[in-house]
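For clarity, every value in this text was computed on a predicted model and none was experimentally measured. Below, read A as the first sequence line, B as the second, and so on, with proteins coming before strands; counting in each chain starts at 1.
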Amino acid sequence: MKHRLNSWLVNGSLWLFALLTAFPLVWMVSVSFMQTGEAGAYPPPLFPQSPTLTQYESLFERMEMGRYFLNSFLLATSITLLSLLLNAMAGYAFAKLPFSGKERLFKTLLAALVIPAQVAMLPLFLMMKYLGLVNTYLGVMIPGMASIFGIFLVRQYALSVPNELIEAARIDGAGEFRTFWSVIIPLLRPILVTLALFTFMGTWNDFMWPLILMTDAQNYTLPVALAALSREHVQDNEMMMAGAVMTVLPVLIVFLVLQKQYIKGIMMGGVKG
Amino acid sequence: MNTPALPIGTVRAAWFFVAPALLLIVVFFFVPVLAAFCLSFTDFDIYALANPDHLRVVGLKNYQELLASDDFWKAIGNTFYFVLVGGPLSVGISLGTALLLQSKVVRFKSFFRTVFFAPVVTTIVAVAVVWRYLYHTKYGFLNYILHFLGINPVDWLGDPAWAMPAIILMAVWKGFGYNMVIFIAGLQNIPDELYESARIDGAGAWQQFWHVTLPMLAPTFLFVGLMTMIGYFQLFAEPYVMTLGGPLQSTVSIVYLMYEQGFKWWNLGYAAAVAFVLFAIMLVATLIQFRLQKTDAS
């Protein structure tokens with residue numbers, strides 16, 4: 001009897017809590033299918049009376065949402081691919097290759113993790129200005145192309161690669177880069193998938209740096225565009241919800257498909273989502 | 001070590017592998033951090049932006065002005081409010097849900113885990129837009145529910161007393177799933193034998209929690225506490241989207257102040273000083289957490 005009650009309480013509170021957690025996202029989707037003005041009523045409607053795609057259409061037709069979507073997608077993809085390569089190379093070298101001052105260098109990098117990124121942002125902006133990279137994709141990409149955390153994650157994983165494998169490849173006459181490419185990379189695959197996920201989502205969701213660097217509306221990423229639109233269209237709840245759906249949905253889908261790798265990665269090293 | 005001298009080729013390869021990432025990090029992170037430090041002792045402003053000849057070194061003037069400014073202390077107060085209330089609240093809910101999910105009677109565990117984690121991956125700007133609407137005084141769902149409980153509508157984002165609690169609630173909602181996952185990992189690492197011997201000693205559920213679970217989670221707590229604190233100190237997007245720092249500056253955070261000073265008014269020297277104060281505060285807070293953890297352990 002006591003056991004039944006306990007089970008009821010635990011499961012019941014979890015269901016209630018899950019409902020509360022999911023509600024804002026579910027409601028966002030629901031309102032995004034409403035007619036203009038429908039959500040500005042009391043009591044607030046839960047479901048659209050006659051679901052419509054009007055909001056999405058006007059986002060694409062009048063608000064250039066397709067362009068922002070493409071900006072975000074191209075930036076996140078290229079940063080992910082580039083940083084994956086550079087971080088994997090460095091992480092592998094820190095784990096397995098000999099060079100002088102390696103340990104000290106690695107410790108310095110780790111210590112720098114306590115410096116918040118915002119500290120670097122003001123001079124970084126000035127650097128971009130003098131390099132003529134303000135308002136360019138390259139300028140947004142550069143600070144994300146290598147990350148201390150990414151190097152750390154790869155290194156921890158690469159430490160477990162047996163030295164014999166690397167030596168065997170060398171004896172077979174493979175050069176260092178061949179060894180890295182055809183022996184190491186396949187072995188690092190699980191951690192690279194995780195790191196790719198983190199980087200893609202982190203870049204997609206990033207707000208402050210593209211907000212600072214992108215001065216032309218046509219170069220905005222989705223979050224920057226959405227923030228700007230939400231200031232101009234305070235009253236257009238339905239359209240703003242559609243914009244929020246478009247911004248959130250891609251990362252949410254990627255997460256749902258690959259959540260095992262994502263959560264394993266968090267348990268391994270921990271990173272701010 | 002008895003190993004022969006390292007083959008030159010390998011060493012060269014090692015540098016070849018490290019160099020690109022290292023170069024980027026040094027040039028675009030270490031150098032800017034140092035530059036920010038120097039910048040904070042100058043009067044770099046919009047005139048210097050146009051023509052560097054206008055730049056002057058002013059010593060500690062930015063820091064002095066900062067410490068004498070009401071806006072700065074307001075931002076410090078708001079940020080600490082957010083960190084000290086939101087942080088523990090978020091960690092507590094994370095631990096609570098992790099413990100609930102650990103219970104043997106739970107069905108659909110992975111479903112719950114997915115639902116609780118989903119807000120973590122969402123874009124903060126997008127969910128801030130959604131919550132701004134949830135908080136709407138007239139049409140928002142929150143006030144609608146409060147109405148059923150017999151509570152008068154609250155002007156969540158328009159009332160200086162409620163704007164920060166509203167932002168905290170949203171931040172906790174968005175973030176608790178992350179720490180929950182880490183707590184679940186920590187809980188799974190506690191050996192069952194410890195609980196068994198505690199039971200044999202006659203410990204009830206509460207005593208088991210107090211004497212086995214909590215001490216065994218100490219390293220997890222340090223990690224979670226640090227990560228949460230560091231994240232919470234960098235509050236920016238929520239006030240930017242939801243309140244613009246208002247009402248009456250009740251949601252201006254340190255980073256928001258830095259952004260406004262640096263990129264709205266182009267007082268880059270002053271903003272750099274703000275950034276370094278934030279850095280110093282975070283450093284001290286990190287050291288305090290480590291120290292607390294040490295005294296706890298002994």
Side-chain polar contacts of residues 262-286 of chain B - donor-acceptor pairs under 3.5 angstrom, sequence neighbours left out - could you list them?
unit_1   : atom_1 : unit_2   : atom_2 : d
B:Lys264 : NZ     : B:Glu260 : OE2    : 3.2
B:Asn267 : ND2    : B:Gln261 : OE1    : 2.9
B:Thr286 : OG1    : B:Met282 : O      : 2.7

>> Please determine whether the number of non-hydrogen atoms from other residues, nucleotides or ligands lying under 6.0 Å from atom CZ of A:Arg231 exceeds 12.
In response: yes

> For B:Ile93, is it the side chain, the backbone, both, or neither that has a heavy atom closer than 4.5 Å to a heavy atom of chain A?
Replying inline: side chain

> In terms of heavy-atom proximity below 4.5 Å to chain A, should B:Leu226 be classed as side chain, backbone, both, or neither?
Replying inline: neither

> Which bit of B:Leu24 is near chain A, if near means a heavy-atom gap under 4.5 Å: side chain, backbone, both or neither?
Replying inline: side chain

>> What part of A:Ser83 gets within 4.5 angstrom of chain B, counting heavy atoms only: side chain, backbone, both, or neither?
In response: neither

>> Could you check whether any side-chain heavy atom of B:Tyr240 comes within less than 4.5 Å of a side-chain heavy atom of B:Val125, counting everything from C-beta outward?
In response: no

> Which answer fits B:Phe112, side chain, backbone, both or neither, if we ask what part of it has an atom under 4.5 Å from a heavy atom of chain A?
Replying inline: side chain

> With a 4.5 Å limit on heavy-atom distance, are the side chains of B:Leu169 and B:Tyr135 in contact?
Replying inline: yes

> Given a strict heavy-atom distance threshold of 4.5 Å, which part of A:Phe106 is in contact with chain B: side chain, backbone, both, or neither?
Replying inline: neither

> When heavy-atom pairs shorter than 4.5 Å are enumerated against chain B, which of A:Asn87, A:Thr247, A:Ile212, A:Asp206 gives the highest number?
Replying inline: A:Ile212

> Just wondering, are more than 12 heavy atoms of other shown residues or ligands nearer than 6.0 Å to CZ in B:Phe30?
Replying inline: yes

> With respect to chain B, which residue among A:Leu109, A:Val251, A:Val254, A:Leu226 yields the maximal number of heavy-atom pairs within a distance under 4.5 Å?
Replying inline: A:Leu226

> Which answer fits B:Phe37, side chain, backbone, both or neither, if we ask what part of it has an atom under 4.5 Å from a heavy atom of chain A?
Replying inline: neither

> Quick one: of B:Val241, B:Leu134, B:Leu39, who has the most non-hydrogen atom pairs under 4.5 Å with chain A?
Replying inline: B:Leu134

>> Is it true that, when you exclude A:Trp15 itself, more than 12 heavy atoms of the residues, nucleotides or ligands shown sit nearer than 6.0 Å to its CH2?
In response: yes

> Among A:Phe23, A:Phe177, A:Trp27, which has the most heavy-atom pairs under 4.5 Å with chain B?
Replying inline: A:Trp27

>> Counting heavy-atom pairs closer than 4.5 Å to chain B, which one of A:Tyr92, A:Phe125, A:Trp8, A:Trp204 comes out on top?
In response: A:Phe125

>> With heavy-atom distances below 4.5 Å as the criterion, would you say the side chains of A:Gln118 and B:Ile254 are in contact?
In response: no

> For A:Leu126 and A:Leu122, what are the C-alpha separation, side-chain angles and deciding distance, and is it a side-chain contact (heavy atoms from CB on, under 4.5 Å)?
Replying inline: CA-CA 7 Å; A:Leu126 292 178; A:Leu122 301 150; over 6 Å; no

> Given a strict heavy-atom distance threshold of 4.5 Å, which part of B:Phe29 is in contact with chain A: side chain, backbone, both, or neither?
Replying inline: both

>> Out of A:Val245, A:Leu85, A:Leu14, return the one with the most heavy atom pairs under 4.5 angstrom to chain B.
In response: A:Leu14

> For B:Trp15 and A:Ser100, which heavy atoms make the closest approach, and how far apart are they?
Replying inline: CZ2-O, 3.9 Å

